[in-house]
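Accompanying notes for the structure given below.
Just so you know, these numbers come straight off a predicted model, no measurement behind them.
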Amino acid sequence: MKKNILLLFLCTIVSASMAQMVTRVTDPVDWVNPLMGTDSKHSLSNGNTYPSIGLPWGMNMWTPQTGKMGDGWQYQYSADKIRGFKQTHQPSPWMNDYGQFSIMPFTGKPRYKEDDRASWFSHKAEIVQPYYYSVYLADYDITTEITPTERAARFRFTFPETDSAFVLVDAFDKGSYVKIIPAENKIIGYSTRNSGGVPPNFKNYFVVVFDRPFSNVATFDSDTLNFTRTEVENNHAGALVAFKSYRKGDQVNAKVASSFISYEQAELNLKEIGNDDFEIVKKKGRDTWNNTLGRINVEGGTIDQVRTFYSTLYRTVFFPNKLYEKDASGNIVHYSPHNGKVLPGYMFGGTGFWDTFRALYPFLNLIYPAINKEMQEGLINAYKESGFLPEWSSPGARPVMVGNNSASVVSDAYIKGLKGYDISTLYEALLHGANNEGPHGTGRKGVEYYNKLGYVPYDVKINENAARTLEYAYDDFTIYQLGKALNRPKEELKLYAQRSQNYKKLFDNETKLMRGKNQDGTFQTPFNPFKWGDAFTEGNSWHYSWSVFHDIKGLADLMGGRAQFAKMLDSVFVMPPVFDDSYYGFVIHEIREMQIANMGQYAHGNQPIQHMPYLYNYVGEPWKTQYWVRETMEKMYKPTPDGYCGDEDNGQTSAWYVFSALGFYPVCPATDQYVMGTPLFKKATLLLEDGKQFIINAPANSTQAKYVQAVQLNGKAYEKNWISHFDILKGGNMNVTMGVVPNKKRGTEELAFPYSFSSGADAEILK
């Protein structure tokens with residue numbers, strides 16, 4: 001009897017466990033939580049995201065606005081009032097927004113100031129989907145709904161019984177304009193509010209068309225609401241329109257579009273909606289999201305794992321967003337954020353390559369190469385219009401972060417097979433950026449020192465010099481790789497191959513870490529490897545010493561060989577999260593996020609170290625990669641408002657999760673290799689752009705069975721610790737046998753190790 005009871009108990013446990021597994025995903029958009037990462041603040045980021053209501057890579061997105069006008073934290077999950085519904089282009093709160101304006105309905109007395117019009121709301125009465133947003137505004141008994149296209153949106157306001165229904169359009173401060181055209185039920189205007197990176201003539205022109213006539217109109221500026229004028233241009237301009245009395249449930253619909261080019265172009269962009277009613281626009285948006293997210297289908301994961309996967313996948317397909325528009329003839333045109341002209345061709349903005357070169361752009365090259373081809377053409381235009389490739393664009397070049405990582409973004413795309421654009425001009429742009437310092441953070445700061453000494457010195461008043469050096473060395477490797485693919489002259493290739501080895505100049509034999517170096521060749525003194533900033537960028541030496549993406553063998557040799565390198569990797573996870581914040585003078589949020597994560601010095605919430613768990617594959621201990629990657633996926637990501645462990649950053653931290661959940665990661669973009677980790681799902685199907693499928697099967701996968709025992713690629717035993725991009729593109733199957741105990745024999749031989757410059761034929765060019 002006891003045996004039967006025990007058997008019944010075990011069966012119940014197994015059944016409950018199986019019941020929690022998702023065996024099929026038919027509509028991936030339904031698994032997305034756009035609120036993931038929104039429970040953030042200046043001092044601690046759980047993502048620093050906002051609910052982005054838009055279409056993939058769309059020019060405009062919409063978000064409920066809980067923060068004040070100009071506040072980068074425009075939506076915070078902890079807030080309880082909404083001030084408006086804002087058109088946004090914001091890549092992060094640290095970069096803030098540009099060209100924004102908002103719309104807000106209300107009832108009762110006329111009002112216009114944002115604190116006066118703000119309404120209480122609750123997440124219990126909020127529906128948030130990528131293609132649809134709805135919220136109940138409690139102070140006014142109004143439900144507001146939004147559904148977007150790429151450059152336009154439909155609004156629907158459901159009013160209570162009232163004789164005082166209003167909709168306000170706020171063009172924000174810093175220079176704006178509105179005009180009400182009652183005969184057409186229309187408001188037009190522009191906003192110039194931005195945070196930098198725009199020419200003097202920058203404007204975001206908008207048009208709002210209602211389906212009901214106005215019963216009264218007013219405009220406002222910073223200090224007054226005026227019912228006698230229909231037009232105002234001021235530091236802060238806005239419009240207020242009233243509607244006749246309503247029965248409960250009556251609705252007002254509005255169509256909204258904008259343009260960086262003109263009012264006329266905004267009207268053209270409104271044609272994205274055409275005669276489609278709210279529900280049709282909503283359905284089209286839903287279909288677009290299902291098609292986009294449906295390029296990867298996962299099965300055999302828990303509910304939370306599937307939700308997290310599609311929520312992070314959603315975040316990978318927003319930035320950079322389209323800055324281009326279609327003119328009356330259907331031609332692609334753009335307002336240039338570099339020179340202020342309207343020109344033909346593609347343009348994108350809203351990304352920092354310091355973040356996104358690592359995984360976001362490689363992910364586009366694998367799953368969405370067609371959009372990255374457009375982005376490469378946009379980079380060509382940016383170079384022609386400004387003289388340099390941007391390193392951070394929002395919308396034009398912004399002087400933020402370090403590195404010359406446009407080289408990686410350009411090189412990786414071509415090496416991964418993208419063709420049909422002017423790669424010669426882009427290569428010219430890479431050479432120009434590698435040998436010059438440009439304005440607004442373009443090119444290379446400290447380039448004269450770097451090209452002469454092989455490093456940016458610590459004592460020449462150039463901040464974050466060691467980080468710059470390490471990234472320049474990797475960027476030089478990517479230029480070498482692209483030059484090789486383009487059959488450039490040998491001497492040119494040799495120059496960039498030699499510069500790719502400059503990382504060695506900062507290696508300190510005493511500490512086995514990277515360290516700032518003075519002009520005279522001596523190392524910085526004193527040196528604290530736990531000091532954030534100073535010689536490094538948003539991290540310390542323990543984080544940045546692994547930034548030798550292209551030559552891990554060379555780095556391991558410097559550290560004393562494979563065994564010593566593995567011990568150094570181990571140390572990151574077992575050391576306490578001590579830190580020195582003296583460079584900043586306070587605990588920056590990235591430090592705090594590392595401190596509270598309980599993963600030692602591993603600071604996954606920031607980008608420089610995110611590839612580091614995969615490095616065990618280069619020294620014959622891949623099971624440690626499998627352990628730490630799974631630990632990071634399970635501990636650091638949840639499909640909840642506090643679901644990230646730091647800044648999401650334009651899709652990069654999300655792309656890490658998506659790649660890792662599939663079972664591999666691009667440690668070194670500008671090669672064709674993805675380094676193996678541990679698949680999260682029992683099955684994942686990649687629907688490639690040409691119609692082929694690549695299927696990753698791991699049927700024994702579970703929380704406990706996280707270790708790779710064996711791999712078969714298209715039915716044949718596969719022993720490498722990496723897989724080629726081009727093997728995936730051929731389509732086929734990768735079958736992964738999983739187990740609860742590490743397999744310490746597979747992947748231990750050097751033949752299995754991923755690419756390193758020092759261990760292959762490339763090293764011959766240095767002789």
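A distance-only check finds a donor-acceptor pair linking the side chain of N381 to the backbone of Y346 [under 3.5 Å]. Between the side chain of Y755 and the backbone N or O of S759 there is no donor-acceptor pair closer than 3.5 Å. Checking side-chain atoms of S40 against main-chain N and O of S45 turns up no donor-acceptor pair under 3.5 Å. For Q481 (side chain) and A670 (main-chain N/O), a donor-acceptor pair under 3.5 Å exists by modelled atom type. In terms of modelled atom types and a separation under 3.5 Å, the side chain of D551 and the main chain of V548 share no donor-acceptor contact. Under a 3.5 Å cut-off, the side chain of Q498 and the backbone N or O of L766 do not form any donor-acceptor pair. Y50 places a side-chain N or O within donor-acceptor distance of the main-chain N or O of Q90, the cut-off being under 3.5 Å. A donor-acceptor contact shorter than 3.5 Å links the side chain of N290 to the backbone of V29. Listed for the Y368 side chain is a donor-acceptor partner under 3.5 Å among the backbone atoms of T292.
Partners of Y474 by side-chain hydrogen bond (donor to acceptor under 3.5 Å, both in side chains), not counting sequence neighbours, listed by chain and number: S408. Looking at residues two or more places apart in sequence or on another chain, you find no side-chain hydrogen bond (donor to acceptor under 3.5 Å, both in side chains) involving S92.
Figure legend: cation-pi geometry between R444 and Y472, with NZ or CZ positioned under 6.0 Å from the six-membered ring centre and within 45° of its axis. A cation-pi arrangement is present between R499 and Y496 under the rule of less than 6.0 angstrom and at most 45 degrees off the ring axis.
T632 approaches Y602 most closely through the heavy-atom pair OG1-CE2, 3.7 Å. Between T356 and P362, the shortest heavy-atom contact is O-CD, 4.2 Å. Here the closest non-hydrogen pair linking P34 and Y314 is CB-OH, 3.4 Å.
The closest side-chain donor-acceptor pair between H334 and E385 falls under 3.5 angstrom. Side-chain contact annotation: T537 with E464, donor-acceptor N/O pair under 3.5 Å present. Using a 3.5 Å distance cut-off with no hydrogens or angles, the side chains of S547 and E471 do not pair a donor with an acceptor.
Residues L431 and I479 have side chains in contact (heavy-atom distance under 4.5 Å, counting atoms from C-beta outward). Side-chain contact check for F573 versus P613: some heavy-atom pair is nearer than 4.5 Å. Proximity of K416 to L366: side-chain heavy atoms (C-beta onward) are nowhere separated by under 4.5 Å. Using a 4.5 Å heavy-atom threshold, the side chains of V32 and W289 count as separate. Two residues are said to be in side-chain contact when any heavy atoms from C-beta on lie closer than 4.5 Å; T478 and F357 fail this criterion. Taking 4.5 Å as the limit, every side-chain heavy atom of I552 sits out of range of all side-chain heavy atoms of V619. Between M375 and T351, the closest side-chain pair of non-hydrogen atoms is not below 4.5 Å. You'll find the side chain of L713 reaches within 4.5 Å of the side chain of M734, heavy atoms only.
Note on ring orientation: taking the six-membered ring where Trp is involved, the planes of W546 and W542 are tilted (angle from 30° to 60°). Classification of the H611-F549 ring pair by plane angle, with boundaries at 30° and 60°, yields tilted. Using bins of under 30°, 30° to 60° and over 60° for the plane-to-plane angle, the ring pair H550/F477 lands in the parallel bin. The aromatic rings of W656 and Y637 lie parallel to each other, their planes meeting at an angle below 30°, with 60° marking the opposite boundary. Relative ring orientation between Y657 and F309 is described as tilted, the plane-to-plane angle lying within the 30° to 60° band.
The distance from atom CD1 of I765 to atom NZ of K494, rounded to the nearest 0.5 Å, is 7.5 Å.
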One pair to check against side-chain hydrogen bond (donor to acceptor under 3.5 Å, both in side chains): E428 and Y383. What are the steps and the verdict? CA-CA 10 Å; E428 172 193 306; Y383 173 60; 2.8 Å; yes

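Salt bridge absent: D649 and R358 never bring a charged side-chain N and a carboxylate O closer than 4.0 Å.
No more than 12 heavy atoms of other residues, nucleotides or ligands lie within 6.0 Å of CD in E749, so this atom counts as exposed by the packing criterion. Residue H440 places its NE2 atom among 12 or fewer non-hydrogen atoms of other residues, nucleotides or ligands, all under 6.0 Å distant. The local environment of NZ in K419 is crowded, with over 12 non-hydrogen atoms from other residues, nucleotides or ligands closer than 6.0 Å.
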